[in-house]
Amino acid sequence: TEAAPFWLKLKRRTNPPVGKAICSHLKLSSITLIPFMSTFMDISAAFGTVTEVASQMWTEAAFFAIAGLVYAAFLWGHPMRRVPRTSAAVKKSRSPQSTSPHSAACYPAPAQSYAPQGEQCRITGTSKIKACGRCGDLKGAKEAFEELRAQGASESPTVYNHYLGALVRCRDFEEASKLFREMKEKNLLDVAGCNTMLKTHLSSGATDAAAMLVKEMVTLGLKPNAVTFNELLYAKASSKDYRGMWNVLAQMQAASITVNVATCSILLKSLTAQSPPWDVKRVVSLILEVEDVDDVLVAHAADACIRLGHLNILSDLLARLETMCKEVKLGSSTYGVMIKAYGQAGDAAKVWGLWRAMEAQGVRPASVTLGCMVEALVTNGRTDEAWKLVHQQLACEDRSQNVNTVIYSSVLKGFAGSRNLSKVFGVYEEMRARGIPCNAVTYNTMLDACAKNRAMDRVADLLEDMNKSKVEPDVISISTIVKGYCLAGNVDQALTILEQLKGKDIKPDEIMYN
């Protein structure tokens with residue numbers, strides 16, 4: 001009974017078979033076993049501890065082996081696994097410049113890692129050809145192409161097209177012609193390759209060869225696309241062959257190819273001051289056929305119409321775009337250019353219409369745009385509206401910084417032109433209160449207002465303010481003061497000022513003497 005707890009303890013600390021074997025042999029009396037039990041239990045405890053540690057070690061080893069097998073299985077077929085290398089790649093890896101075992105010659109690019117091995121080589125080589133062509137490295141592009149050819153991965157229109165593009169970009173037209181003939185022999189021609197060769201002929205002035213190539217494309221069953229005709233249009237427009245340009249456009253429309261943004265941009269840039277109005281109207285009407293009209297294209301059209309003085313055509317374009325529900329979100333600068341043009345044309349209603357359209361589209365006006373709007377209103381005798389608009393912009397926290405010296409000077413000019421001296425000085429005092437600096441234009445406008453209103457008694461204060469602001473009077477300032485004294489009948493004071501200018505940097509001009 002006293003030995004029983006020891007047996008249970010021994011049974012728990014050893015492996016089950018060992019414990020059972022020991023307990024089965026304990027058939028002697030407890031008195032006989034007691035002298036040997038102490039020594040036996042120590043040995044058994046040590047044996048059990050060793051067995052337990054060994055069991056844990058074997059478990060760790062088993063888990064480590066399983067992890068190794070899983071890792072090896074994952075890497076089998078993974079892109080970081082080594083691929084067979086060419087002899088050139090082996091030599092390169094042994095050279096001093098390529099000591100890393102993870103060099104690009106040994107591994108495919110990660111971006112194309114899940115493509116087949118041959119396809120990976122083609123994609124990597126094609127990217128290298130394209131990159132070399134962009135930076136003008138013809139030698140590097142040729143080496144990449146020859147490497148693909150050595151690997152048997154060059155028999156693809158994409159590879160040949162990129163190499164052809166690199167040759168054209170590097171202006172090796174002779175080699176490009178040889179490669180194009182090789183592409184025809186190997187039946188690797190497509191529309192992209194023909195367009196690249198067409199650009200080669202046009203850039204070298206071989207217009208007859210370009211025309212023959214277009215006919216050859218049709219013979220080979222390759223339908224010319226918009227890029228083909230745009231290249232022809234650009235060549236005709238650059239050489240000022242306007243009759244030929246319209247003929248190319250007619251061919252493009254006969255082939256049922258829709259004009260795009262590039263087509264309209266080329267035609268818009270070809271318009272000059274000598275272009276008849278019907279040509280301008282024809283080009284602008286083509287914009288309505290473009291599916292993806294963007295703000296850049298409309299800005300080009302607006303610039304052409306403003307440059308050529310056809311604001312009525314521009315108004316018709318904007319109205320038709322709105323009618324066709326083609327919402328084009330123009331930029332702030334484009335709105336500014338159009339507002340300025342309509343302001344100069346005296347169409348104040350259109351000026352306000354453009355401003356409201358800009359606000360409706362959520363376009364935030366820039367400082368230049370606000371300046372164009374204020375100037376347009378002032379030019380059309382709506383200075384009060386301009387002044388109200390300036391205060392509205394000042395009330396907006398995110399727009400108040402757009403109000404600057406130029407805008408205030410425009411308002412000053414408007415009130416000075418209407419001989420409203422009180423508002424002139426009201427705007428001037430507000431400028432000073434808001435900390436907006438005054439420049440020479442500001443002070444000259446103020447002096448002109450004093451001269452026109454025969455308020456020459458305020459000139460001395462203005463000259464003192466100019467001195468404090470460190471703005472030096474120029475010949476316009478002095479001429480304005482002289483004019484003011486003459487208008488007030490004080491010719492002696494005007495002559496005194498003229499006499500004081502002798503020996504100064506300011507030289508009287510013909511306007512001052514007049």
Side-chain angles (χ1 to χ4, degrees), residues 273 306-307 309 340-341 343-346 348 367-368 371-384 386-387 390 403-433 436-514:
I306 293 170
R307 175 167 46 88
K340 182 178 180 180
Q344 292 173 349
S367 181
V368 176
C372 292
M373 183 64 184
V374 171
E375 182 67 24
L377 292 174
V378 169
T379 303
N380 288 275
R382 301 194 177 194
T383 309
D384 288 322
W387 187 225
V390 170
V403 182
N404 54 24
T405 304
V406 177
I407 293 172
Y408 267 105
S409 297
S410 297
V411 177
L412 282 172
K413 183 178 68 175
F415 286 131
S418 61
R419 297 178 181 271
N420 195 334
L421 192 62
S422 61
K423 287 191 175 182
V424 169
F425 276 90
V427 174
Y428 174 65
E429 294 298 332
E430 183 174 315
M431 284 185 70
R432 299 181 64 187
I436 296 178
C438 300
N439 56 16
V441 176
T442 307
Y443 286 111
N444 289 341
T445 304
M446 296 289 298
L447 291 171
D448 184 63
C450 292
K452 289 178 178 179
N453 290 275
R454 300 185 180 184
M456 299 305 293
D457 54 319
R458 298 194 177 190
V459 170
D461 293 335
L462 288 174
L463 292 175
E464 185 178 351
D465 290 343
M466 289 181 72
N467 186 37
K468 291 179 180 179
S469 301
K470 297 181 179 180
V471 177
E472 292 292 333
D474 54 13
V475 66
I476 298 176
S477 307
I478 304 302
S479 296
T480 305
I481 295 173
V482 169
K483 180 181 69 173
Y485 282 121
C486 290
L487 290 174
N490 194 348
V491 182
D492 293 336
Q493 184 64 29
L495 291 172
T496 302
I497 294 175
L498 192 62
E499 189 69 22
Q500 291 174 352
L501 290 178
K502 293 182 178 179
K504 299 290 183 66
D505 294 334
I506 300 176
K507 301 295 182 182
D509 58 1
E510 66 276 9
I511 296 176
M512 189 179 299
Y513 282 109
N514 290 338

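All values below come from the heavy atoms of this structure, side chains included, with hydrogens, waters and symmetry mates left out. Bear in mind that the values here come from a model prediction, so they are computed numbers and not experimental data.
Among all heavy-atom pairs drawn from Ile407 and Val390, the shortest one is CG2-CG2, 3.8 Å. Residues Gly414 and Val378 come closest through the heavy atom pair CA-CG1, 3.5 Å. The two residues Gly343 and Ala376 come nearest to each other via the heavy atoms CA-CB, 3.8 Å. Between Pro473 and Ile506, the shortest heavy-atom contact is O-CD1, 3.2 Å. Smallest separation of non-hydrogen atoms from Ser367 and Asn404: OG-ND2, 2.8 Å. Shortest non-hydrogen contact noted between Asn453 and Arg419 is OD1-O, 3.2 Å.
By the neighbour-count criterion of 12 heavy atoms within 6.0 Å, atom CZ of Arg454 is sparsely surrounded, having that number or fewer from other residues, nucleotides or ligands. Taking a 6.0 Å sphere around CD1 of Ile476, one finds it holds 12 or fewer heavy atoms contributed by other residues, nucleotides or ligands.
Among residues at least two apart or in separate chains, side chain to side chain donor-acceptor pair (under 3.5 Å) pairs with a member in residues 479-489 are Asp448-Lys483.
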Test side chain to side chain contact (heavy atoms under 4.5 Å, CB included) on Cys438 and Tyr428; report intermediate values, then the result. CA-CA 9 Å; Cys438 300; Tyr428 174 65; 3.9 Å; yes

Quick one, Met446 with Arg458, criterion side chain to side chain contact (heavy atoms under 4.5 Å, CB included). Give me CA distance, side-chain angles, the key distance, then yes/no. CA-CA 10 Å; Met446 296 289 298; Arg458 298 194 177 190; over 6 Å; no

Show your reasoning for whether side chain to side chain contact (heavy atoms under 4.5 Å, CB included) applies to Thr445 and Val424. CA-CA 9 Å; Thr445 304; Val424 169; over 6 Å; no

Test log, rule side chain to side chain contact (heavy atoms under 4.5 Å, CB included), inputs Cys450 and Leu462: CA-CA 10 Å; Cys450 292; Leu462 288 174; 3.8 Å; yes

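Note that SG of Cys372 and CD of Gln344 are 9.0 Å apart. Values are rounded to the nearest 0.5 Å. Interatomic distance, Asp465 CG to Lys468 NZ, rounded to the nearest 0.5 Å: 6.0 Å. Rounding to the nearest 0.5 Å places OG1 of Thr383 at 9.0 Å from CG of Asn420. Atom OG1 of Thr442 is separated from atom CE of Met431 by 4.5 Å, given to the nearest 0.5 angstrom. Taken to the nearest 0.5 Å, the CG atom of Asn467 stands 7.5 Å off from the CD atom of Glu472. In this structure, the separation between CG on Leu412 and OH on Tyr443 is 11.0 Å, given to the nearest 0.5 Å.
Side chains of Leu377 and Trp387 form no contact here, defined as non-hydrogen atoms less than 4.5 Å apart.
Side-chain contact annotation: Asn439 with Thr405, donor-acceptor N/O pair under 3.5 Å absent.
A donor-acceptor pair under 3.5 Å is absent between the side-chain atoms of Ser469 and the main chain of Met466, judged by distance alone. In this structure, the side chain of Asn380 does not engage the main chain of Arg382 through any donor-acceptor pair within 3.5 Å.
By the side chain to side chain donor-acceptor pair (under 3.5 Å) test, Lys340 is found to be paired with no residue, residues two or more places apart in sequence or in another chain being considered.
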